[in-house]
Each structure stands twice: as structure tokens, then as C-alpha cells.
Amino acid sequence: MLKTHQCGELRLEHAGQQVTLAGWVHRWRDHAGLVFLDLRDRSGIMQLKVDQASAPEAHALARDVRSEWVIQVTGTVVARPAGMVNPDLPTGEVELEVSTLTVLNRAKTPPFYINKDENVDEALRMRYRYLDLRRPSMQRNLILRHNVIRFIRNYLSDRGFIEIETPILFKTTPEGARDYLVPSRIHPGKFFALPQSPQQLKQLLMVAGYERYFQIARCFRDEDQRGDRQPEFTQLDLEMSFVEREDVMNLIEDMMIRIVEELTDLELVTKPFPRLSHDEVLRRFGTDKPDLRYGMEIVDLSDIAGASSFRVFADAVAAGNTVRALAAPGCASYSRKQIDELGVLAQAEGAKGLAWMAVEPGEEGPVRSPIAKYFSAEQLQAIVERMGAAPGDLILIVADTAPVVCAALDTLRRTLASRLGLADPKKIAFCWIVDFPLFEWNAEEQRWDPSHHLFTAPMWEDVPLLDTDPGKARGQQYDLACNGYEIAGGSIRIHDRAIQEKIFGLIGLDVEDAKQRFGHMLEAFEYGTPPHGGIAPGIDRLVMLLAGEPNIREVIAFPKTQQAADLMAGAPSEVDPQQLAELHIRVVDSTGG
RNA sequence: GGGGGCGUAGUGUAGCGGUUAACAUGCCGGCCUGUCAAGCCGGAGAUCGCGGGUUCGAAUCCCGUCGCUCCCGCCA
């Protein structure tokens, strides 16, 4: 080894020891006869002192050294003189008196700062990702990611789970996300698909009798990006036999609690995690992935608003639509312009408008609002009371169909929380969403679409509804939401042939289609399939939230840009015509004409 | 596929019709034996992403384009 110790580990107890360190020059301070170098390695930073009087050769070299040069030094750990201690550094009580210094490698001046956190253009970071990853904040994130994954492996292994790898080259599945395809050289005109998740394979492992399986699985989806979505991402894929919904949820809940408590300083808002039905979460938060770090819940005002003389509300309620609202704390003083901006947000979600009432402790009535004149004093009072609004609050009201109202108020709730600083970055709030509808009606195709996937079991007591009222049937599905993100989804699967065929029928899949696409699954299920279920937490999103980062690129070593490109390597790229010929592929200019 | 934001020395920003294109930091040179965002002195460094247009005059206004980013659609 070229080093005897790590930079970050040296303390007062090492004083007097001769050590050899190696790493990168983080900063340098040249005082002519005395040079200070901050030496950085993965473990931290150690101050080096190079004195002309005691080490003339090392001193001469040290004066030429620059940022990010790679050096090796040998010297004695000494306590810093009184008053020279740096309380900001874990190693701040000591320094290394260097006797010899070797330049292992010089470095060009980096294109951006390694030694301070500054917002650097994302394209530049990605182009020089290996330098970006050198920054302490990125190293902290990737180390946290490692610790989370190690924790998961240990936790599940200790509980009888076996980690099994499944193929990356698999079969296309037309439903769901767009597949990444890989052409087959040996089978002209045929393609593999990269897995969107190992869903089918983990169920087959249950048929195979492994009972408890997990995998840190890379998944691929060729869809457009978001801050929390990359074309390739990592899931903890997990499946268990002979379990019910509660078993899977309890396992994951306990694991998540321990991860937060043992690996982070975050404050867990609620333990155990709240369990909200799909109906309830939409009613209270307008979304199935609520941020529970703050309140500002949505309240239904349909009865009061419907009885008012405000035509927009009365007509909406008469038409079977709904009127709901939220109270933004302390926003009664918002200017007309600020309220208009909120209205634009609501309209972007399909709302036709945004009504508002400012709650004021005035003598002229409980609220100031352009629509106050359409309400009686009692109605206004009732609204303020039901909203739980205090003087100074701004009540924002949307009237429309339930999905539009939910979408608009969800957007307003998140936007306002962000502006008002309600989402405490030191807190983390999980909740389970259960009792999802098994199907969503696809009006275009005139059929039911599975709301999770087509192997999700209905609630056993809802099985009769499949024949009478499929839209009312609930699935044995469970999602885990955290701080406004969906971080896991799972279900108990169907292991009964008759129910599975009924589902295929409802989603418009005839027996021949089903055989074509899932023949291997259906055949396997005939050989003694245990009741089973599983879940798949997204590792990137989880680590993002644990690290307090705003997007998953910050916890992925080499992520893609929003345009699904790697700016460092230059991928994707054109390939040699010979490669294409071997793969029986011809590139067609789709932009032509 | 659609909508929004950003693009100015190596980096981060200011400037938003007429400036010698500013500031900080980094870089180069000099001074300096207790700094730790070291300090002081001096210097170099920008065809203002690219292309076109409007104008007497464009970093600034308009159109297009490229890149990054946020959002909608999409993501069983």
C-alpha cells in the first residue's frame, strides 16, 4: 500500500506516530517558508505542514503542487499548537509534519471546483462526471447508497431471503412501459428486451419453490425522463410465498424504519406508517403519493358551495361534480398577481378557474373575496370553520370533476408548501396506500385496464364483483409513498387459474393472446403455484430522499441526461455498418420526407 | 409530442438597446513561517451557445436551432 492511514481517521491519539498518506491536494496555502496543504482522500481531509527549515526537499516540491495533484507524504502526526485547532475538521486537532513528499501524478486545472459546493452547469458535470464524483457531497451520497444496499442485503438475508440474479436479456412485454430492445445476431429479425422489472421471473421463482427471493435489480424503461426517473434504475425486487398483504407490508415497513434510524439523521414523522385507502388519500391530498411532512389538507365544500348563489359552484354540484378547497396558512395578504399565478397552475391541471377567500379578522365579515357576495354570512362562517382556517389564511377553491379538482389542489398544495417552506428537509414521512381499484376504465378501447399489473390479485372478498361490477373491485395492492414520491409498489398475486382467466377476459385479452404473451407464465402456474406476493422499492428514489437530494441523478454514479444520453462517453452513438449488418438491422431515416 | 426556465472569461454570477462587457473565484507571476474560503501586489483570460433578422447601433429585442433543466402527456 502507498499509504498507512486514511486522511480522515487521524486524531490526537495518533500524535507522535509516523504515517504515510496519499490522496488529492484539496487546497494549498503557501506562506513561502511554510506551506500548508489540505490532503483529501475518500475518508476526509488532513492538513499537511511542510516546513522549509526541517524538510527543504519536500518544501520545494510542495510550493509547486496545485489543486487535484495526487501526492504521497510521509511525516509525523502532531498536535496543533494552542489556538490553531480547526473545529470544522474532524482531523482539526492534529496536522502532519511532512518529512518527504512524492508527486504521484500532476493534474490539469479542473473545469470546475472540486473543493467547494457550487451549482455547476449540469452538462459540464456530466461531461466530467469522474471529477464531479470526486466532490465530497457526491462521495457522501454514493457511500450512503452503498450502506443502504448493504443494509438491505443483510436484513433480508437474515430473514431467509435468497438473492437470485435474473436475465437482462429477456422478452418484450407490449403492455406497460416502452421496452429497450436488443437485436439478436443469431435470430435474424428477432429481439430481446431489457426488463422493465423482473416481475415475471420473480413469480416463476416462487413457482420454483424458493419462497423468499430478492434482488438488487437493474430495470429499464424507454420513457421520457423526470427528476425522479431515469431510463435505467435500480429496484429492490422482492417476492415471498405463503404470505398475505400484511406480511409484505410489515417486513418492508420495519426495514425502512431501521434504514432511516440507523443510517440517517432524519426525523421519522410517523411510526408505524399510516395506512390510507386510495379513496381517502385522493380525498385528503389529491394524489396517491402525498407529502405528509405538512398538513394543508384538502376539504370538501360541495354541500355549502352547492347551496350558494354562486352559479359556477351551484351548477358544478348540480352536475355531480365537486367543490373542494385548501387553506394556505398566512397567504391572505397575497397580491392579486400572486393569486393569479396560482390560478394559472390550477388551470394547467385542467381547472377552469380558481376561487379564493382571504380570511381576515375584519369587521366587514369573515372573509374578503370577489365571490363573497354570493354567500350568506352563515355560509362563509361555515366554510372558514370547516377549513379550520385562521385569520391570515387564504382559502383556495376549485370546482370541477373529482380528478381535475384533485390534480389542481395537489399542485397548489405542493407549490405552496414549497414556497412557504412547509416541507422540512430534516423530516421523512412514509405512508402506505391500499385498497386501489383493481381496474381503470379505458374509454378509448372500451375495456378495463389493470391499474397495477395483470397478475395483481383482487381482494378475496371482492372476487364476486369481477362478474357484476369490476370497477368496484379492489386489488390486493400496496404502494409506499414518502415525502411526495412513490417509492414502492407491490401486490399479492393471483395463483388461481380461474381468477386469472377472468382478469384476462376483462382486460380484453383472449385465450390465444394470453398464451402468446404469457404462455410460459400460465403454464408454470399449472404446476403447483404457492400463494405469493411481493413488492419493489425504488432504490434510487429512496436514497435520494435519505440523502435529501432533489433528484436521483445525485445518487447515481453515471446517470443519463433528460434526453437519455451519456455526455461523458457520448452514448448513444452511431455504430459501424458492419455491426448493423451482423445484427440484420438497417437504419431508416425517419426524419426524411 | 407539448409548455416553462437557463446558456456572458476555466467556474459561478451581474449587465437586459449605446459600458473599455462588471464582480467574485480559479489560473499565471511576485511577496509572505501559523494558515485552514489564508492575505497583499501585479497580470493574462469573453468572437456574450450557434445561425438568421429588426435597428444608425444587439450580450440586450424578434425568429430559428443546439445543449442542460423543470413540468404535462407517457411511466402495467
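Numbered from 1 within each chain, the chains take letters A, B, ... in sequence-line order.
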Which nucleotide, if any, forms a Watson-Crick or G-U wobble pair with G7(B), using both distances under 3.5 Å? C66(B)

Thr166(A) and Gln215(A): CA distance, side-chain angles, deciding distance, side-chain hydrogen bond (donor to acceptor under 3.5 Å, both in side chains) verdict: CA-CA 8 Å; Thr166(A) 53; Gln215(A) 180 180 194; 3.0 Å; yes

Report which part of the nucleic acid Ala348(A) touches: base, sugar-phosphate, or nothing (heavy-atom distance under 4.0 Å, all strands). nothing

P atoms of A21(B) and A37(B), separation to the nearest Å: 36 Å

Which of residues 225-237 of chain A have a heavy atom under 4.0 Å from RNA chain B? Arg226(A), Gly227(A), Arg229(A)

Intermediate values then yes/no, side-chain hydrogen bond (donor to acceptor under 3.5 Å, both in side chains), Gln230(A) and Asp540(A): CA-CA 9 Å; Gln230(A) 282 273 311; Asp540(A) 313 280; over 6 Å; no

Classify Leu567(A) by what it touches in the nucleic acid, base, sugar-phosphate, or nothing, heavy-atom distance under 4.0 Å. sugar-phosphate

Could you say whether the aromatic ring of Phe36(A) and the base of U35(B) stack, counting only centre distances under 5.5 Å and plane angles under 30°? yes

When all nucleic acid strands are considered with a 4.0 Å heavy-atom cut-off, which category describes Gln196(A): base, sugar-phosphate, or nothing? nothing

Between Ala565(A) and Ala177(A), which is nearer to the 5' end of RNA chain B once each is assigned its nearest nucleotide? Ala565(A)

Is there, by distance only and without an angle test, a donor paired with an acceptor across the side chain of Gln47(A) and the base of U35(B) below 3.5 Å? yes

Return yes if the base of G34(B) and the side-chain atoms of Glu95(A) contain a donor-acceptor N/O pair under 3.5 Å, otherwise no. yes

Roughly how far apart, to the nearest Å, are C68(B) and G30(B) at atom P? 42 Å

Answer yes or no: are there more than 12 heavy-atom neighbours, outside Glu118(A) itself, under 6.0 Å from its atom CD? yes

Would you indicate what Asn115(A) reaches in the nucleic acid, counting non-hydrogen atoms under 4.0 angstrom: base, sugar-phosphate, or nothing? nothing

Touch class at under 4.0 angstrom, heavy-atom based, for Ala123(A) against every strand present: sugar-phosphate

Between C71(B) and C62(B), how many Å separate the two P atoms, rounded to a whole number? 26 Å

Take a 6.0 Å sphere around NZ of Lys289(A) and say whether it holds more than 12 heavy atoms from other residues, nucleotides or ligands. no

Compare the minimum distances between each of C75(B), C68(B), G34(B) and the side chain of Arg221(A), then state the nucleotide with the smallest one. C75(B)

Phosphate oxygens OP1/OP2 of U33(B): is one of them under 4.0 Å from a side-chain N or O of Gln52(A)? no

Counting side-chain heavy atoms from C-beta on, which of A37(B), G12(B), U35(B) comes nearest to Arg27(A)? A37(B)

Could you tell me whether Asp88(A) contacts a base, only the sugar-phosphate backbone, or nothing, with contacts defined as non-hydrogen atoms closer than 4.0 Å? nothing

Whole angstrom value for the distance that separates P of C36(B) from CG of Leu34(A): 12 Å

Can you tell me if Arg63(A) touches the phosphate of C31(B), counting only side-chain N or O atoms and a distance under 4.0 Å to OP1 or OP2? no

N/O (side chain, Arg29(A)) to phosphate O (OP1/OP2, G34(B)) under 4.0 Å: no

Please determine which of Glu239(A), His532(A), Gln203(A) meets the side chain to side chain donor-acceptor pair (under 3.5 Å) test together with Arg493(A). Glu239(A)

Atom CZ of Arg106(A) with >12 non-hydrogen neighbours under 6.0 angstrom: no

Begin from the C-alpha positions of Ser43(A) and Asp41(A) and carry the test side-chain hydrogen bond (donor to acceptor under 3.5 Å, both in side chains) through to its verdict. CA-CA 5 Å; Ser43(A) 66; Asp41(A) 64 18; 2.5 Å; yes

Roughly how far apart, to the nearest Å, are G51(B) and G15(B) at atom C1'? 24 Å

Establish whether the base of C68(B) is bridged to the side chain of Arg125(A) by a donor-acceptor pair shorter than 3.5 Å. no

Selected nucleotide, minimal atom distance to Trp28(A) side chain, candidates G34(B), C27(B), G26(B): C27(B)

Between C75(B), U25(B), G34(B), which one does the side chain of Tyr113(A) approach most closely? U25(B)

For Ser197(A), report the nucleic acid contact type (base, sugar-phosphate, nothing); a contact means any heavy atom under 4.0 Å. base

Is it the case that over 12 heavy atoms from other parts of the model lie below 6.0 angstrom from the CZ atom of Arg42(A)? no

Identify the nucleotide, in any strand shown, that forms a Watson-Crick or G-U wobble pair with G34(B), with both distances under 3.5 Å; if there is none, say none. none

Do the side-chain N or O atoms of Thr109(A) get closer than 4.0 angstrom to the phosphate oxygens (OP1, OP2) of G26(B)? no

Does His31(A) stack onto the base of A38(B), taking stacking as ring centres under 5.5 Å apart and planes under 30° apart? yes

Using only modelled atom types and a 3.5 angstrom limit, is any donor from either the side chain of Asp121(A) or the base of G7(B) paired with an acceptor on the other? no

Taking the P atom of each, how far is G12(B) from G49(B), in whole Å? 13 Å

Between P of G10(B) and CG of Asn119(A), the distance in whole Å: 20 Å

Which is more 5' along RNA chain B, the nucleotide nearest Ala32(A) or the one nearest Val120(A)? Just name the residue. Val120(A)

Examine distances only and state if a side-chain atom of Arg80(A) and a backbone atom of Val94(A) form a donor-acceptor pair shorter than 3.5 Å. yes

Applying the 3.5 Å cut-off to both distances, the Watson-Crick or G-U partner of U60(B) turns out to be none

Let me know the distance between CE of Met84(A) and P of G34(B), rounded to the nearest Å. 8 Å

May I ask which nucleotide in the shown strands pairs with A22(B), Watson-Crick or G-U wobble, both distances under 3.5 Å? U13(B)

Have a look at Asp224(A) and say if it touches a base, only the backbone sugar-phosphate, or nothing, with a 4.0 Å heavy-atom cut-off. base

From the list Val50(A), Val77(A), Val78(A), side chain to side chain contact (heavy atoms under 4.5 Å, CB included) with Glu97(A) holds only for Val78(A)

Same-atom distance (P) from G17(B) to C61(B), integer angstrom: 7 Å

Which nucleotide sits closest to the side chain of Arg66(A): C68(B), G12(B), C28(B)? C28(B)

For the C1' atoms, the ones on G64(B) and on C70(B), what distance do you get once it is rounded to whole angstrom? 23 Å

Have a look at Arg80(A) and say if it touches a base, only the backbone sugar-phosphate, or nothing, with a 4.0 Å heavy-atom cut-off. base

Base, sugar-phosphate, or nothing: which does Lys116(A) touch, judged by heavy atoms less than 4.0 Å apart? sugar-phosphate

With rounding to the nearest 0.5 Å, note down the distance linking CD1 in Ile552(A) to CG in Leu542(A). 12.0 Å

Considering only atom P, compute the distance from U54(B) to G3(B) and round it to an integer number of Å. 26 Å

Salt bridge or not for Lys515(A) and Asp513(A), using N-O below 4.0 Å? no

Using a 4.0 Å heavy-atom cut-off, does Leu124(A) contact any base of the nucleic acid, only the sugar-phosphate backbone, or nothing at all? sugar-phosphate

Can you check the Leu37(A) CG to U33(B) P distance for me, whole Å? 16 Å

Return the pairing partner of G42(B) with a 3.5 Å limit on both distances, Watson-Crick or G-U wobble; otherwise return none. C28(B)

